Trainee: 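First the structure, which I've put down as structure tokens, then a few questions once you've had a look.
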Protein chains: 2
Amino acid sequence: MEAADELGYHVNHLARGLMRNESGIVCLIVSEVATPYRSALLRELTQQLQSVGKVAMLVNTDRSDGSVDRALSQAIRYRADASIILSGLPDKSITQLCLRNGQRLVLINRDDDQPGPLRINLDDREAAGRVVTAFLRAGCRKLAFANSEAGTPSLMAREYGFAAAAKALGLDIMVERYGWTGYEAGKVLAQRMLTRKDRPDAVFCATDLLACGFMDAARHQFSMAIPDQLCVVGFDDIDQASWSSYQLTTFAQPVQAIAGQAVAWLGKNDESRAESQSLMLHAELVWRGSVRGG
Amino acid sequence: MEAADELGYHVNHLARGLMRNESGIVCLIVSEVATPYRSALLRELTQQLQSVGKVAMLVNTDRSDGSVDRALSQAIRYRADASIILSGLPDKSITQLCLRNGQRLVLINRDDDQPGPLRINLDDREAAGRVVTAFLRAGCRKLAFANSEAGTPSLMAREYGFAAAAKALGLDIMVERYGWTGYEAGKVLAQRMLTRKDRPDAVFCATDLLACGFMDAARHQFSMAIPDQLCVVGFDDIDQASWSSYQLTTFAQPVQAIAGQAVAWLGKNDESRAESQSLMLHAELVWRGSVRGG
DNA sequence: TTGTATGCGTTATCAT
DNA sequence: ATGATAACGCATACAA
């Protein structure tokens, strides 16, 4: 060992991977890396992967469409032991290709039904239902849902869950969708919804980023007081949600648990891996000041 | 090609790397990945690396100290073509080891003086000087600098540059350092500085995150109006700086240029690489509403 | 143009 | 216990 150190020798993981047929590389396929929720999940995943001796290869799929498939090809070329997909959805054929190459697949918040990959999702629908209860308890009568046009499964599950729970109580809700799931879209959504004459007094935003934009527009452009005139709930519990300018009541993404489940699954052997292929994690509502009577 | 596709064949980059002695892997060594500025830089780097056919290996150094060195060992084991260091500073011996193994090194905002690696820095000192001018033009008389205890070169350069420029004009400034460079530290710094009787009327925060915390405390705990009673300038131009709750005047980190220079340098041949080993990029002040009379 | 041999750095296996 | 050898998949150099 001393001699090896002296000579500056380091094992060659490329050669070792070639030999063992196991590279130690896990590919993280992500878009919108710079988004608060995504980067938090990324931090957690890299951290936990490293702690079990794996290394993360980061593939950014911000550019064109179909780039998830290209990202997976890249993962195959490097003989990654697994790929974890945080955004987009691979073509079924690519999924099959991965599995044939012995590459494990984890889909986070993708709610797909193909067998093979591990699917980790939240109880979005049920969570959305709890928002209706909270709004009613706060004395709100005109409920609204603010969504982006992204249309990803988790976003839509929140919308449908919210609408369904309201309908079950005989309430009609206002729904608006606009743009990309970010702060600016939240502002636009507020402009659209708050200029109506049947302006809502409670809004559930599909995402914290949307909620921040919505709150800022409501306050600064419409001079509305939160939570007095408008109650707001978000989703993700990003850092900014706890900032005193927002004090946003929101659902916490269990990022540690998500990452933990993913890497634990990768460490399992084939039989026990097959047992648990679909996980549903719980999103806990964290109460702050944006809803009356927490 | 058709046949290859039919058979599900994919080149093995491990084997190719072994042969060519060039893996195509670039190692990104980062701490605090989930921070807005860091994740933005990360997005840019992965994007641009991919566009030149490289792939990013992400190593998270949040845990213990000396982990930068361990990260670099990891990079060597995978025979990364280069390592880009966004945080921490490697030991000189490790630096030498990397260079001996033909591994390129890029240090971003690390302001080190060892020869070999490419060093990319901003004109922090000069930028800080311009803040003094802006504050004076706004009619402020009691200047302060809010810093964290991290003590990284770029943070200290901003502090010294600010202090020096003020001193050159015969002004004494108040300096306070606390904790880690984040939102919470900004709040604490505000509590410390704004309870003094010679309370500042202008504060330059080493970081936007600090500035957001400072502004929130100033407004919500001290009921101060910004920019009327207090002018604030930050650094980084994170997304949140442009949010209407902050409208923070700040310096933009030229993340695209930083990433661009880094990957361009990696693409150069040895001679032209040696020519430019230290780059100083310009941080442009973007005026928003947190300073009077922009 | 097509084919064949060799080496890259490991590790597993088999022989000593 | 120690040593020699083959094989992983690719690229290259040389031969046919």
Side-chain angles (χ1 to χ4, degrees), chain A residues 1-27 29 49-50 52-57 59 69-83 93-105 266-270, chain B residues 1-27 29 49-50 52-57 59 69-83 93-105 266-270:
Chain A
M1 284 302 175
E2 279 173 13
D5 221 38
E6 199 86 16
L7 291 158
Y9 169 84
H10 285 254
V11 214
N12 188 327
H13 271 58
L14 302 178
R16 172 182 286 182
L18 197 55
M19 189 48 214
R20 290 201 192 157
N21 212 18
E22 177 182 334
S23 61
I25 296 175
V26 173
C27 186
I29 299 177
L49 283 172
Q50 283 170 221
V52 299
K54 302 274 183 191
V55 65
M57 164 168 285
V59 178
D69 294 351
R70 283 191 289 119
L72 276 173
S73 301
Q74 185 78 327
I76 292 178
R77 284 196 285 273
Y78 277 97
R79 298 301 188 267
D81 299 337
S83 288
S93 63
I94 309 282
T95 307
Q96 291 316 309
L97 189 60
C98 286
L99 299 177
R100 275 204 296 141
N101 286 41
Q103 180 167 142
R104 305 295 149 201
L105 232 53
L266 295 182
K268 288 182 178 177
N269 50 32
D270 288 3
Chain B
M1 284 303 175
E2 279 173 12
D5 221 39
E6 199 85 19
L7 292 158
Y9 169 84
H10 285 255
V11 214
N12 188 328
H13 271 57
L14 302 179
R16 171 180 286 183
L18 199 55
M19 192 43 216
R20 291 200 192 159
N21 213 17
E22 176 183 334
S23 61
I25 296 174
V26 173
C27 186
I29 300 178
L49 283 173
Q50 282 170 219
V52 299
K54 301 274 182 191
V55 65
M57 165 168 287
V59 177
D69 294 350
R70 282 191 290 119
L72 277 173
S73 300
Q74 185 77 326
I76 292 178
R77 284 196 284 273
Y78 277 98
R79 297 300 187 268
D81 299 337
S83 288
S93 62
I94 309 282
T95 306
Q96 290 316 309
L97 190 60
C98 286
L99 299 178
R100 277 204 293 143
N101 286 40
Q103 180 169 139
R104 305 296 149 201
L105 232 53
L266 295 181
K268 288 183 179 175
N269 51 31
D270 289 2

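Just so it is clear, the structure is predicted and the values come from calculations on it, not from any experiment. Computation of the quantities below employed the complete heavy-atom set of this structure, encompassing side-chain atoms and omitting hydrogens, waters and symmetry-equivalent molecules. Letters go in sequence order (proteins before strands), and every chain restarts at 1.
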Trainee: Without swapping roles, check the side chain of S83(A) against the backbone of L72(A) for a donor-acceptor pair under 3.5 Å.
Mentor: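 A pair under 3.5 Å: no.
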
Trainee: Suppose we screen for salt bridge (Lys or Arg N to Asp or Glu O under 4.0 Å). Which residues come up paired with R104(B), at least two apart in sequence or across chains?
Mentor: D270(B)

Trainee: For H10(A) and dT10(C), give me the distance from atom NE2 to atom C1', rounded to whole Å.
Mentor: 16 Å

Trainee: Please check the phosphate of dG9(C) (OP1 and OP2 only) for any side-chain N or O of Y78(B) closer than 4.0 Å.
Mentor: no

Trainee: Under 3.5 Å, which donor-acceptor pairs do the side chains of residues 6-16 of chain A form with other protein atoms, sequence neighbours left out?
Mentor:
residue	atom	partner	partner atom	Å
N12(A)	OD1	L14(A)	N	2.8
N12(A)	OD1	A15(A)	N	3.2

Trainee: Among residues 16-25 of chain A, which residues get a heavy atom nearer than 4.0 Å to DNA chain C?
Mentor: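 R16(A), M19(A), R20(A), in order of number.
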
Trainee: State whether the number of non-hydrogen atoms from other residues, nucleotides or ligands found under 6.0 Å of N21(A) atom CG is greater than 12.
Mentor: no

Trainee: Let me confirm one number: the CD1-CZ distance from I29(B) to R70(B), rounded to the nearest 0.5 Å.
Mentor: 11.5 Å

Trainee: Just how far, in rounded Å, is P of dT11(C) from CG of L14(B)?
Mentor: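 Going from CG in L14(B) over to P in dT11(C) covers 13 Å.
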
Trainee: To the closest 0.5 Å, what do you measure between CG (L49(B)) and CE (M57(B))?
Mentor: 12.5 Å

Trainee: Would you please name every residue forming a salt bridge (Lys or Arg N to Asp or Glu O under 4.0 Å) with D81(B), sequence neighbours left out?
Mentor: K54(B)

Trainee: Can you list the steps and then say if V59(B) with Q50(A) is a side-chain contact (heavy atoms from CB on, under 4.5 Å)?
Mentor: CA-CA 8 Å; V59(B) 177; Q50(A) 283 170 221; 4.0 Å; yes

Trainee: With sugar-phosphate meaning primed atoms plus P, OP1 and OP2, does H13(B) contact a base, only sugar-phosphate, or nothing at under 4.0 Å between heavy atoms?
Mentor: nothing

Trainee: Quick one: does R79(B)'s side chain have a donor or acceptor within less than 3.5 Å of a partner on I76(B)'s backbone?
Mentor: yes

Trainee: How long is the gap from CG on L18(B) to CG on L18(A), to the nearest 0.5 Å?
Mentor: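 If we round to the nearest 0.5 Å, L18(B):CG and L18(A):CG are 6.5 Å apart.
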
Trainee: Taking any atom under 4.0 angstrom from a heavy atom of chain A, which nucleotides of DNA chain D are the first and last to qualify, 5' to 3'?
Mentor: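 It runs dA7(D) to dG9(D).
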
Trainee: Would you sketch DNA chain D in dot-bracket for me? Only Watson-Crick or G-U wobble pairs with both distances under 3.5 Å count, crossing pairs as [ ], other-strand pairs as |, the rest as dots.
Mentor: |.||||||||||||.|

